**Student:** 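Below you'll find the structure I mean.
This one's a predicted model, so the numbers in the text were calculated from it and none came from an experiment. These numbers come from the heavy atoms of this one structure, side chains and all, not from hydrogens, waters or symmetry mates. Residue numbers begin at 1 in each chain, while the letters A, B, ... track the order of the sequences.
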Protein chains: 2
Amino acid sequence: MGVVERREREKERKRNTMLDAAESILMDRGLEHLSMDDVAEKAEVSKGSLYLYFQNKNDLVLGICYRATHLLNESFRKVLDSNLSGLSLVRELGETYLHYVKNHPQYYSSMKFLDNLHSTREGTDSEYLQLCTQNRQEGFRLMVEAIQRGMDDGSIKQELPAEQLALLFWSTSHGVVTISYMHQNYEHFKLLDRIGMKEEDMFDAYMHILSHGFAQQTHES
Amino acid sequence: MGVVERREREKERKRNTMLDAAESILMDRGLEHLSMDDVAEKAEVSKGSLYLYFQNKNDLVLGICYRATHLLNESFRKVLDSNLSGLSLVRELGETYLHYVKNHPQYYSSMKFLDNLHSTREGTDSEYLQLCTQNRQEGFRLMVEAIQRGMDDGSIKQELPAEQLALLFWSTSHGVVTISYMHQNYEHFKLLDRIGMKEEDMFDAYMHILSHGFAQQTHES
DNA sequence: TCAATAAATGACCGGTAGTCATTTTATGAC
DNA sequence: GTCATAAAATGACTACCGGTCATTTATTGA
């Protein structure tokens with residue numbers, strides 16, 4: 001009776017111990033130097049045990065990615081708690097995303113890993129893939145909500161459905177954040193320096209362009 | 001005398017043969033299933049020979065990436081040849097990028113590989129890394145040129161330096177193109193479908209937002 | 001013809017993801 | 001407590017892959 005339950009709890013606890021070990025290695029050495037042998041050693045279990053709790057390495061990394069996406073969503077939710085205008089909320093979400101990448105680059109790398117998971121074949125049966133996808137959907141939903149609020153309070157145009165505008169904000173901010181990540185983490189990426197743009201200014205400029213456009217207004221507008 | 005020259009030409013020819021083999025495997029099986037053994041077999045040389053012509057696997061992939069960036073730049077140059085307004089040129093560049101990703105997804109994956117090359121350590125001494133970086137700079141330069149033309153002909157606002165605006169267009173279009181790539185190539189990526197947006201419409205919406213902004217204009221504007 | 005040099009080879013190494021036969025541990029009936 | 005059964009854990013092993021290097025083969029020019 002209670003035995004099965006206790007076993008289940010214990011299993012979850014062990015799973016988290018393993019994830020802790022994996023995360024610790026990720027933070028120290030980066031995703032590309034994360035090996036299953038090292039995780040097993042760090043978690044003080046055998047390699048075989050690792051595969052009792054995770055289907056494969058993908059699954060393990062997605063386990064970390066689940067934590068990563070969850071943390072990002074929590075930050076997003078805090079933004080949505082405020083009473084700012086919808087437009088300001090959108091800006092805050094973007095800045096939150098940017099800060100997240102700056103403060104948790106290794107978590108972000110696990111999200112890039114999720115983005116690069118190719119065919120469904122590679123991880124179809126991973127529960128964590130489902131959870132990560134759910135988290136990403138939730139993050140997107142929060143963006144939609146911010147935009148919808150902006151449309152309601154009159155700070156954002158209603159030319160497009162909120163979902164579609166959210167997709168554009170999502171994807172474009174993804175691009176900007178990627179540039180920022182590369183600037184932070186890749187020593188050979190010097191584009192910002194070359195054009196004499198500071199990282200902080202980039203986001204301001206991005207939000208300005210996204211808010212007001214870069215096309216010269218024609219008179220009949 | 002002529003012997004050294006001939007040797008040099010012959011060496012270049014062989015290098016290209018190996019790149020052809022690698023590219024063929026890339027197109028057939030994708031970057032993640034590209035092994036040096038297979039390339040050697042396909043190119044009908046020994047594995048050791050491969051390492052006489054390329055420093056390591058990174059170098060080889062960057063060799064393909066060089067071709068990839070070169071091809072993209074050629075497409076960009078064709079756009080710049082036209083007499084469209086600067087604003088239209090920018091749109092055309094974006095559409096060109098989008099079509100490129102759709103038509104050459106494996107080339108694009110090699111460019112993603114370039115983007116993900118971490119420290120300088122991993123490929124500092126690769127000639128191809130230099131060449132790829134040069135190509136990317138050239139692509140960026142073409143974007144700057146289009147925007148500069150738009151500022152000159154009055155179709156694009158002059159609020160920001162052309163280079164900075166180009167960076168924003170570069171990064172945001174990168175984000176949009178990434179979404180498109182995922183929609184095309186990852187079966188588990190269903191975001192576009194879920195919000196009922198067609199891929200073709202996404203780019204139009206993107207250019208519209210980027211041109212005119214999504215913020216409701218205030219009256220004192 | 002013959003050194004000397006350049007080019008090519010493939011057996012081999014180290015590391016890593018993943019497997020599985022075997023061992024160890026936990027459980028519950030008696 | 002004993003024991004049979006089932007669950008959990010183990011680590012030696014395989015397959016594969018990137019990269020190396022001592023050896024072999026081909027080329028050159030005297």
**Student:** If you measure from the Lys or Arg side-chain nitrogens to the Asp or Glu carboxylate oxygens, is any gap between A:Glu12 and A:Arg9 under 4.0 Å?
**Tutor:** no
**Student:** Just call it for B:Lys11: base, sugar-phosphate, or nothing, with non-hydrogen atoms closer than 4.0 Å on any strand.
**Tutor:**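 Nothing, no nucleic acid heavy atom in range.
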**Student:** Which residues in residues 39-48 of chain A have at least one heavy atom lying under 4.0 Å from any atom of DNA chain D?
**Tutor:** A:Val45, A:Ser46, A:Gly48
**Student:** If you restrict it to nitrogen or oxygen atoms, what contacts under 3.5 Å exist between nucleotides 22-27 of chain D and the protein, and what is each distance?
**Tutor:**
none

**Student:** Tell me: CG of A:Leu50 to C1' of C:dT19, nearest whole Å?
**Tutor:**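 Roughly 14 Å, once rounded to whole Å.
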**Student:** So, does A:Lys14 get its side chain near the phosphate of D:dA8, meaning an N or O under 4.0 Å from OP1 or OP2?
**Tutor:**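 So the side-chain polar atoms of A:Lys14 never come under 4.0 Å of the phosphate oxygens OP1 or OP2 of D:dA8.
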**Student:** Do the side-chain N and O atoms of B:Ser35 and B:Asp38 include a donor-acceptor pair separated by under 3.5 angstrom?
**Tutor:**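 The criterion, which ignores hydrogens and geometry beyond distance, is satisfied for B:Asp38 and B:Ser35.
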**Student:** Given atom CD of A:Glu10 and atom P of C:dA26, what is their separation to the nearest angstrom?
**Tutor:** 10 Å
**Student:** Measure up the B:Tyr206 and B:Phe203 rings against each other and bin them: parallel (under 30°), tilted (30 to 60°), perpendicular (over 60°).
**Tutor:** tilted
**Student:** Is any side-chain nitrogen or oxygen of B:Tyr53 closer than 4.0 Å to OP1 or OP2 of C:dA8?
**Tutor:** yes
**Student:** Is it the case that the ring center of B:Tyr108 lies less than 6.0 angstrom away from the ring center of B:Tyr181?
**Tutor:**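 Distance test on ring centres: under 6.0 Å, yes.
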**Student:** Round to the nearest Å and state the distance from B:Arg13 atom CZ to C:dA7 atom P.
**Tutor:** 14 Å
**Student:** Under 3.5 Å, is there a donor-acceptor pair between the B:Arg67 and B:Asn16 side chains?
**Tutor:** yes
**Student:** Base, sugar-phosphate, or nothing: which does B:Ser35 touch, judged by heavy atoms less than 4.0 Å apart?
**Tutor:**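 Answer is sugar-phosphate: B:Ser35 comes under 4.0 Å of backbone atoms only.
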**Student:** Which label fits B:Tyr128 and B:Phe54: parallel for a plane angle under 30°, tilted from 30 to 60°, or perpendicular past 60°?
**Tutor:** parallel
**Student:** Hey, is A:Lys102 close enough to A:Glu199 for a salt bridge, meaning N to O under 4.0 Å?
**Tutor:**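 Looking at A:Lys102 and A:Glu199, the cut-off is met.
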**Student:** In terms of side-chain geometry, is the basic nitrogen of A:Arg15 or A:Asp20 positioned less than 4.0 Å from the acidic oxygen of its partner?
**Tutor:** no
**Student:** Rounded off to whole Å, could you give me the CD-to-C1' distance for the A:Glu32 and D:dC17 pair?
**Tutor:** 18 Å
**Student:** Just the rounded figure in Å: distance from P of C:dA17 to CG of A:Asn56.
**Tutor:** 11 Å
**Student:** In this structure, how many angstroms lie between the P atom of D:dT20 and the CG atom of B:Asp37, rounded?
**Tutor:** 14 Å
**Student:** Report which part of the nucleic acid B:Leu34 touches: base, sugar-phosphate, or nothing (heavy-atom distance under 4.0 Å, all strands).
**Tutor:**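 Touches sugar-phosphate only.
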**Student:** Take the protein atom OH of A:Tyr51 and the nucleotide atom C1' of D:dG11, then report the distance between them rounded to whole Å.
**Tutor:** 13 Å
**Student:** Within this structure, what is the CG-to-P distance between A:Leu52 and C:dG18, rounded to whole angstrom?
**Tutor:**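 Taking atom P of C:dG18 as the reference, CG of A:Leu52 is at 14 Å.
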**Student:** Taking the basic N atoms (NZ, or NE/NH1/NH2) and the acidic carboxylate oxygens, is any pair closer than 4.0 Å for B:Lys42 and B:Glu23?
**Tutor:**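 Salt bridge: no.
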